[in-house]
Amino acid sequence: MVLSFGDLRLDETRRRAWVENRLSAVRLGWREFVVLRVLVQARGLPCSAERIWCAMPPVMRPVRVNQVGVIIYRLRARLGRELIVTGGGGWRVAGGAEPERR
């Protein structure tokens with residue numbers, strides 16, 4: 001199954017991610033894959049570290065919630081810093097419709 005949002009496509013079967021402007025896919029580690037899947041499924045809405053941590057299977061979770069930020073850092077390094085945006089109390093995948101501000 002392939003999930004997509006904005007410029008990102010995520011192949012759940014092969015644990016690979018494609019960014020629109022790149023030719024090759026990036027193979028992700030399990031933690032990176034799970035974190036990115038949570039962000040893609042949120043469809044542009046911000047996800048807090050706690051929400052991401054809770055969505056991870058217990059055997060894959062980092063010891064502390066704040067270590068989710070390290071996984072985000074690695075994803076940005078591998079996929080491009082502009083792909084994952086910080087704001088609104090968490091992280092979100094850039095692209096699609098911008099979330100409403102109140």
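For the atom pair CD1 (Ile84) and CG (Leu36), the distance works out to 6.0 Å, reported to the nearest 0.5 Å. Rounding to the nearest 0.5 Å gives a distance of 10.5 Å between CZ of Phe5 and CG of Leu39. Rounded to the nearest 0.5 Å, atoms CZ (Phe33) and CD (Glu12) are 4.5 Å apart. How far CH2 of Trp18 is from CG of Leu10: 8.5 Å, rounded to the nearest 0.5 Å. One distance of note links CZ of Arg37 with CE of Met1; it measures 10.0 Å at 0.5 Å rounding. The structure places CZ of Arg64 at 11.5 Å from CH2 of Trp53, a figure rounded to the nearest 0.5 Å.
The backbone N or O of Leu28 lies less than 3.5 Å from a partner atom in the side chain of Arg15, making a donor-acceptor pair. Arg27 places no side-chain N or O within 3.5 Å of a backbone atom of Ala17 that could act as its donor or acceptor partner. Within the 3.5 Å criterion, the main-chain N or O of Pro46 finds no donor-acceptor partner in the side chain of Trp91.
Minimum heavy-atom separation, Glu32 to Ile71: CA-CG2, 3.9 Å. Here the closest heavy-atom approach between residue Val19 and residue Leu79 is recorded as CG2-O, 3.8 Å. Taking each heavy atom of Ala94 and Val85 in turn, the nearest pair found is CB-CG2, 3.6 Å. Residues Ser4 and Arg43 come closest through the heavy atom pair O-NH1, 2.6 Å. Of all the heavy atoms in Cys47 and Arg51, the pair that sits closest is SG-NH1, 3.6 Å. Nearest heavy-atom pair, Val38 versus Ala55, reported as atom, atom and distance to 0.1 Å: CG2-CB, 3.5 Å.
Using a 4.5 Å cut-off between side-chain heavy atoms of Ile, Leu, Val, Met, Phe, Trp and Tyr, with links allowed through other members, Trp30 and Val40 fall into the same hydrophobic cluster. A single hydrophobic cluster is seen to contain both Ile72 and Met60, as judged by linkage of ILVMFWY side chains at heavy-atom distances under 4.5 Å, directly or through other members.
Under the 4.5 Å side-chain criterion, counting only non-hydrogen atoms from C-beta, Arg92 is not in contact with Leu45.
Counting non-hydrogen atoms of other residues, nucleotides and ligands closer than 6.0 Å to CZ of Arg22 gives a total above 12. By the neighbour-count criterion of 12 heavy atoms within 6.0 Å, atom CD of Glu50 is sparsely surrounded, having that number or fewer from other residues, nucleotides or ligands.
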### Task
Just do the side-chain contact (heavy atoms from CB on, under 4.5 Å) check on Leu3 and Gln41 with the steps written out, would you?
CA-CA 8 Å; Leu3 299 173; Gln41 289 174 336; 4.1 Å; yes

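For the 3.5 Å distance criterion, the side chains of Thr86 and Arg76 qualify, holding a donor opposite an acceptor.
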